[in-house]
Amino acid sequence: MAVDEALARAVGDGLAPATLRFYGWSAPTVSLGYLQRTRGGVDMAACRRHGIGLVRRITGGRAVLHAAEITYSVVLPLQAPWRSLPVPQLFARICSGLIAGLRRLGVEAVLGESAGSPERGPEGGACFLLRRMPAIVVGGRKLVGSAQRRWDRVLLQHGSLLLDFDPRLHQAIFPDWPRGDPDAGVTTLAALLGGLPPMGELLSTLRAGWAEALGVPCIPGELLAVERRRADELVHARYGSNSWTFRR
């Protein structure tokens, strides 16, 4: 989470180009939305029993269990034409890269239905229970959840692409997860493809989708020294602090 914010600061300050990042988690972890209340949305006792960590994002939305999934982040400077786009169109434009990458894998995904703005549910609860835009769905089942934060000069969008899914674990840690239908309208890349390609092949295909959809090349790179330094500072000042994690 600290790295994503450090990337956003560097791009916003003009120190780094627009950035696409893929990453995973060293252990299963729940990320809370920026404004989400801790109490009620997540069963903390269940998280402790299952060894699941807890962090708070800088972006909005509801809680996500990061386990068998790929987390992505896209950071863009808010210049023309991005600056003039309303939030629904920003989500749709960025998600088009994921949809193009999934199509290259043989998965026909679409953006969830929109009523003019991204779906907003109660502050508590799980992200993958919401299936309207900006969700990416396949056959009405949610495959990708995303969240966004916009500052004056930069935009950060990140989200979770499910590779596999443990419905019982979701029932255990999210009090509002349906008991009668544990799958709850969720699908996974493994289920859609009948298995998973090698990770390197999967990520290169997703990168190609974004390059196709946005019309820009994706050039592999490493974090800049300033991004690493800011990420370390943000861990100490924010993301590693209980006062930040349990702020609401």
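For clarity, every value in this text was computed on a predicted model and none was experimentally measured.
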Is there a path from Val226 to Val75 through hydrophobic residues (I, L, V, M, F, W, Y) whose side chains come within less than 4.5 Å of each other? no
Do the side chains of Arg149 and Glu5 get close enough for a salt bridge, i.e. N-O under 4.0 angstrom? no
Is any side-chain heavy atom of Leu193 closer than 4.5 Å to one of Val107? yes
Starting at CD of Glu69, measure out to CG of Leu143 and round the result to the nearest 0.5 Å. 11.0 Å
With sequence neighbours left out, what residues match Arg21 under side-chain contact (heavy atoms from CB on, under 4.5 Å)? Val3, Asp4, Leu7, Tyr23, Ser73
Validation row, ring centre His170 to ring centre Phe165 under 6.0 Å: yes
Is a donor on one side and an acceptor on the other found under 3.5 Å between the side chain of Trp210 and the backbone of Ile94? yes
If hydrophobic clusters are built by linking Ile, Leu, Val, Met, Phe, Trp and Tyr wherever their side-chain heavy atoms come under 4.5 Å apart, do Val137 and Leu163 end up in the same one? no
Those residues that, when tested against Arg56, pass salt bridge (charged side-chain N to carboxylate O under 4.0 Å, His left out) (two or more places apart): none
Going by the rule side-chain hydrogen bond (donor to acceptor under 3.5 Å, both in side chains), which residues pair with Thr188 if we only count those two or more places apart in sequence or in a different chain? none
Test side chain to side chain contact (heavy atoms under 4.5 Å, CB included) on Val42 and Ile52 and set out the steps. CA-CA 11 Å; Val42 178; Ile52 295 171; over 6 Å; no
Please walk me through it: do Asp43 and Arg48 pass salt bridge (charged side-chain N to carboxylate O under 4.0 Å, His left out)? CA-CA 9 Å; Asp43 186 329; Arg48 288 191 292 271; over 6 Å; no
Check step by step if side chain to side chain donor-acceptor pair (under 3.5 Å) holds for His66 and Ser31. CA-CA 7 Å; His66 303 275; Ser31 71; 2.7 Å; yes
Shared hydrophobic cluster, Leu98 / Trp82 (ILVMFWY, side-chain heavy atoms < 4.5 Å): yes
Separation of Leu54 CG from Ile173 CD1 (nearest 0.5 Å): 9.5 Å
List in chain and number order the residues that pass side-chain hydrogen bond (donor to acceptor under 3.5 Å, both in side chains) with Arg247, two or more places apart in sequence or in another chain; answer none if no residue qualifies. none
Checking His158 against Thr59 for the side chain to side chain donor-acceptor pair (under 3.5 Å) test, could you report, in this order, the C-alpha distance in whole Å, the side-chain angles of both residues, the deciding distance, and whether it holds? CA-CA 8 Å; His158 57 188; Thr59 56; 2.6 Å; yes
Arg57 side chain vs Gly60 backbone, donor-acceptor pair below 3.5 Å: yes
Compare all side-chain heavy atoms of Leu105 with those of Leu189 and state whether any distance is below 4.5 angstrom. yes
Passes side chain to side chain contact (heavy atoms under 4.5 Å, CB included), Phe174 versus Leu129? Steps please. CA-CA 10 Å; Phe174 295 121; Leu129 292 178; over 6 Å; no
Heavy-atom distance under 4.5 Å between the side chains of Arg9 and Leu234, does that happen here? yes
Which residue pairs pass the salt bridge (Lys or Arg N to Asp or Glu O under 4.0 Å) test with at least one member in residues 85-103, sequence neighbours excluded? Arg103-Glu108
Considering residues at least two apart in sequence or located in another chain, which fulfil the side-chain hydrogen bond (donor to acceptor under 3.5 Å, both in side chains) criterion with Ser243? Ser241
With sequence neighbours left out, the residues meeting side-chain contact (heavy atoms from CB on, under 4.5 Å) with Pro86 are Pro88, Gln89
About how many Å separate OH of Tyr72 and OG of Ser160, when rounded to the nearest 0.5 Å? 9.5 Å
With sequence neighbours left out, the residues meeting salt bridge (charged side-chain N to carboxylate O under 4.0 Å, His left out) with Arg49 are none
Do the side chains of Cys95 and Gln157 get nearer than 4.5 Å, heavy atoms only? yes
Side chain to side chain, Ile136 and Val110, heavy atoms closer than 4.5 Å: no
Stepwise side chain to side chain contact (heavy atoms under 4.5 Å, CB included) test for Leu156 and Val74: CA-CA 6 Å; Leu156 165 65; Val74 175; over 6 Å; no
Find out whether Leu162 and Val144 are in side-chain contact, i.e. whether some heavy atom of one side chain is under 4.5 Å from a heavy atom of the other. no
Backbone of Leu130 reached by a side-chain donor or acceptor of Lys142 within 3.5 Å: yes
Spell out, as yes or no, whether a donor-acceptor pair under 3.5 Å connects the side chain of Gln36 to the backbone of Gly33. yes
Count I, L, V, M, F, W, Y as connected when their side-chain heavy atoms are under 4.5 Å apart, and connections chain through other members. Are Met1 and Val154 then in the same cluster? yes
Nearest-0.5 Å distance that lies between atom CG in Leu20 and atom CD1 in Ile219: 12.0 Å
Taking Arg150 for its side chain and Leu78 for its backbone only, find out whether a donor-acceptor pair lies under 3.5 Å. no
Arg179 side chain to Gln171 main-chain N or O, any donor-acceptor pair under 3.5 Å? yes
Is a side-chain donor or acceptor of Asp166 paired with a backbone partner of Arg168 at a separation under 3.5 angstrom? yes
How many angstroms lie between atom OG1 of Thr71 and atom CZ of Phe22, to the nearest 0.5 angstrom? 10.5 Å
State whether the side chain of Arg83 and the backbone N or O of Asp152 hold a donor-acceptor pair below 3.5 Å, judged by distance alone. yes
Pair Gln148-Ser146, side chain to side chain donor-acceptor pair (under 3.5 Å): steps then yes or no: CA-CA 7 Å; Gln148 200 176 94; Ser146 300; over 6 Å; no
Is it true that Phe246 and Val235 fall in one hydrophobic cluster, defined by side-chain heavy atoms closer than 4.5 Å? no
The salt bridge (charged side-chain N to carboxylate O under 4.0 Å, His left out) partners of Asp164 (sequence neighbours excluded) come to none
Apply side chain to side chain contact (heavy atoms under 4.5 Å, CB included) to the pair Thr245 and Val55, showing each step before the final yes or no. CA-CA 6 Å; Thr245 304; Val55 296; 5.5 Å; no
Taking salt bridge (charged side-chain N to carboxylate O under 4.0 Å, His left out) as the definition, give me every residue that meets it alongside Glu227, ordered by chain and number, with sequence neighbours left out. none
Taking distance alone, no hydrogens or angles, what donor-acceptor pairs closer than 3.5 Å link side-chain atoms of residues 197-209 to residues at least two apart or in another chain?
residue	atom	partner	partner atom	Å
Ser204	OG	Gly200	O	3.2
Ser204	OG	Glu201	O	2.9
Thr205	OG1	Glu201	O	2.8

Is there a side-chain contact between Arg62 and Asp176 in this structure, where contact means two heavy atoms from C-beta onward sitting under 4.5 Å apart? yes
Got a sec, which residues hit side-chain contact (heavy atoms from CB on, under 4.5 Å) with Glu233, two or more places apart in sequence or on another chain? Arg229, Arg230
Please verify the inter-ring angle class for Trp244 with Tyr239; under 30° counts as parallel, over 60° as perpendicular, anything in between as tilted. perpendicular
Pairwise side-chain contact, Arg104 with Glu212, heavy-atom cut-off 4.5 Å (strictly under): yes
